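All remarks here apply to the structure that follows.
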Amino acid sequence: MFELHTSDFDPCPARAMLRREGKYDGVAGVALTRGLIAHSALEIMHNEPDELLTSALQRAVAGTINQLEHDGRIPSDAVMNNLSEMEKEIIEILDHYKRRILPVTSRWTLLGTEIPVHWELAEDVALSSHIDALFVTDEGKPIIWDWKWRKDAISFSDLSRNLQLACYFSCLLDGQVLLDGESAELAVDKFNWYDMGECWCYPQDCPTPDVAWIDLPSLKPYTRKVVANDDNGEQVQFYKGDDRPLSRIIKTISHHPDSVETIKKQALMRARLIMEDKRIFIPQGCSHCECEAWCTRFDMNENI
């Protein structure tokens with residue numbers, strides 16, 4: 001059974017295959033290390049809400065450095081020389097997250113963080129990955145969150161074509177997720193999820209899952225006066241120091257429930273490229289181009 005990972009969805013398939021072969025210099029740069037530390041701290045914040053932010057951050061830093069070393073990767077000189085500045089930047093984001101985002105999730109049931117998912121794509125191919133955070137609303141709607149820290153904010157148009165998030169969505173409709181014992185029991189008893197044994201389960205007869213890209217840098221307040229849409233979709237004046245609208249931070253993608261087979265085909269195509277050693281080189285990531293009108297979106301039924 002060939003195991004496909006969401007890291008294989010790199011915009012450049014050649015780069016994804018080189019990673020699989022361990023052909024990288026082993027140095028973890030600032031962007032990677034910062035993202036890993038933030039992820040770890042956010043897990044602590046959700047699972048241990050009484051933990052102090054400073055303590056959560058220090059635990060996340062130590063755990064991330066140890067994990068990198070365990071994986072045979074070395075933090076770059078830039079990371080180690082600027083670690084204190086990185087910590088200040090991360091703690092600022094964590095503080096805004098605690099103030100603005102945690103109250104949103106307090107209305108939901110947290111089933112877990114860094115949750116393993118499995119989706120059989122074909123007889124010889126399966127997808128294996130992890131969901132950053134999985135919640136369920138009181139109405140039984142699953143909410144998938146993926147924490148992201150990147151330089152440029154992603155557009156909703158690009159999100160509709162993001163295969164990683166689309167696969168997370170599909171795993172809850174056609175695959176399975178691995179919960180801890182208590183969460184699995186809660187999901188089955190309270191939300192009517194199907195128990196597949198050994199804490200593997202998936203929702204049944206529930207509202208279509210929502211998937212959200214959580215744009216962490218957008219938690220920073222505006223740095224200048226701007227006119228932008230608020231959370232009601234109305235254009236308003238924002239001033240330096242104002243919080244950005246939550247819709248700029250929690251970017252929810254409403255995938256079409258009939259798009260699962262299309263998503264599966266797209267994932268299988270990536271798997272076959274790797275299995276057949278077809279090293280297609282794409283020099284840049286996805287962006288709007290002349291083929292946009294024909295490029296598959298996962299928030300609509302392609303047969304419509």
Side-chain angles (χ1 to χ4, degrees), residues 5-7 9-10 27-71 73-106 108 110-116 129-135 143-154 159 162 164-165 168 211-223 243-244 246-253 285:
H5 303 279
T6 50
S7 59
F9 299 152
D10 189 301
V27 176
V30 172
L32 172 63
T33 306
R34 180 181 57 197
L36 291 174
I37 292 173
H39 270 65
S40 179
L42 289 171
E43 285 188 60
I44 295 172
M45 289 172 63
H46 278 281
N47 291 295
E48 304 174 44
D50 294 331
E51 184 78 345
L52 295 175
L53 289 186
T54 52
S55 175
L57 176 60
Q58 292 307 313
R59 288 171 56 188
V61 170
T64 298
I65 300 299
N66 289 337
Q67 187 62 49
L68 286 172
E69 293 176 352
H70 179 269
D71 294 340
R73 308 201 70 171
I74 303 172
S76 68
D77 290 340
V79 169
M80 301 312 297
N81 292 337
N82 298 282
L83 189 57
S84 60
E85 291 301 315
M86 186 188 300
E87 291 177 357
K88 290 179 182 178
E89 184 180 17
I90 295 173
I91 199 72
E92 178 188 1
I93 293 297
L94 297 182
D95 186 57
H96 291 306
Y97 190 97
K98 181 177 182 179
R99 177 174 60 87
R100 303 197 63 205
I101 307 300
L102 283 184
V104 175
T105 67
S106 66
W108 307 333
L110 174 67
L111 291 184
T113 57
E114 199 63 14
I115 293 178
S129 189
H130 292 78
I131 291 174
D132 285 348
L134 177 60
F135 309 90
I143 305 290
I144 300 167
W145 275 15
D146 197 56
W147 298 312
K148 296 292 188 183
W149 192 320
R150 49 182 279 175
K151 182 178 179 181
D152 299 316
I154 191 169
L159 281 175
N162 186 286
Q164 177 188 12
L165 301 187
Y168 292 157
V211 184
W213 171 295
I214 310 301
D215 190 52
L216 297 176
S218 291
L219 279 163
K220 295 179 181 179
Y222 283 111
T223 57
D243 288 330
R244 301 172 194 266
L246 283 176
S247 57
R248 296 288 300 275
I249 303 162
I250 306 172
K251 299 186 174 183
T252 301
I253 312 96

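Just so it is clear, the model here is predicted, and its values are computed rather than measured. We count residues from 1, following the sequence as given.
- Scored by the side chain to side chain contact (heavy atoms under 4.5 Å, CB included) test, H46 finds Y97, L102, T105, L110, T113, F135, W147 as partners (sequence neighbours excluded).
- You'll find the side chain of L57 reaches within 4.5 Å of the side chain of I37, heavy atoms only.
- Side-chain contact check for L94 versus L42: some heavy-atom pair is nearer than 4.5 Å.
- Annotation: salt bridge (charged side-chain N to carboxylate O under 4.0 Å, His left out) contacts of D95 (sequence neighbours excluded): none.
- Between R73 and L32, the shortest heavy-atom distance links the atoms NH1-CD2, 3.6 Å.
- Going from atom CG of L53 over to atom CD1 of I93 covers 12.0 Å, rounded to the nearest 0.5 Å.
- Side-chain contact check for Q67 versus L36: every heavy-atom pair is 4.5 Å or farther apart.
- Note: E43 CD to H39 NE2 = 8.0 Å, rounded to the nearest 0.5 Å.
- Looking only at side-chain heavy atoms (C-beta outward), N162 and F9 stay at 4.5 Å or farther from each other.
- Inter-residue side-chain proximity for E114 and D132 is flagged as met; some heavy-atom pair is nearer than 4.5 Å.
- The CD1 atom of I249 sits 5.0 Å away from the CD1 atom of I101 when rounded to the nearest 0.5 Å.
- With hydrogens and angles ignored, the 3.5 Å screen pairs no side-chain donor or acceptor of H70 with any backbone N or O of N66.
- In terms of heavy-atom proximity, R99 sits nearest to H96 at NH2-ND1, 3.1 Å.
- Looking at N82 and V30, their side chains never come closer than 4.5 Å, going by heavy atoms from C-beta outward.
- With sequence neighbours excluded, the residues forming a side chain to side chain contact (heavy atoms under 4.5 Å, CB included) with E51 are I44, E48, S55, A56, R59, listed by chain and number.
- Across all their heavy atoms, A60 and A41 have their closest contact at CB-N, 3.5 Å.
- Crowding of I91 atom CD1: a count of heavy atoms from other residues, nucleotides or ligands under 6.0 Å exceeding 12.
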Which pairs would a plain distance check flag for residues 213-223, meaning a side-chain donor or acceptor within less than 3.5 Å of a matching protein atom at least two apart in sequence or in another chain?
unit_1: D215; atom_1: OD2; unit_2: S218; atom_2: OG; d: 2.3
unit_1: K220; atom_1: NZ; unit_2: E89; atom_2: OE2; d: 3.2

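- Once rounded to the nearest 0.5 Å, the distance linking CE of M80 with CE of M86 reads 9.0 Å.
- Atom CG of L159 sits about 6.5 Å away from atom CG of L165, to the nearest 0.5 Å.
- Not counting sequence neighbours, the partners of S76 by the side chain to side chain contact (heavy atoms under 4.5 Å, CB included) test are V27, A78, V79.
- Applying the side chain to side chain contact (heavy atoms under 4.5 Å, CB included) test to T54 and every residue at least two apart in sequence or in another chain returns L52.
- Atom NE2 of residue H5 and atom NE2 of residue H130 lie 10.0 Å apart, to the nearest 0.5 angstrom.
- Scanning all heavy atoms of the two residues, the minimum distance from S247 to K251 falls at O-CG, 3.8 Å.
- Across every non-hydrogen atom of S129 and T6, the tightest pair is OG-OG1, 2.9 Å.
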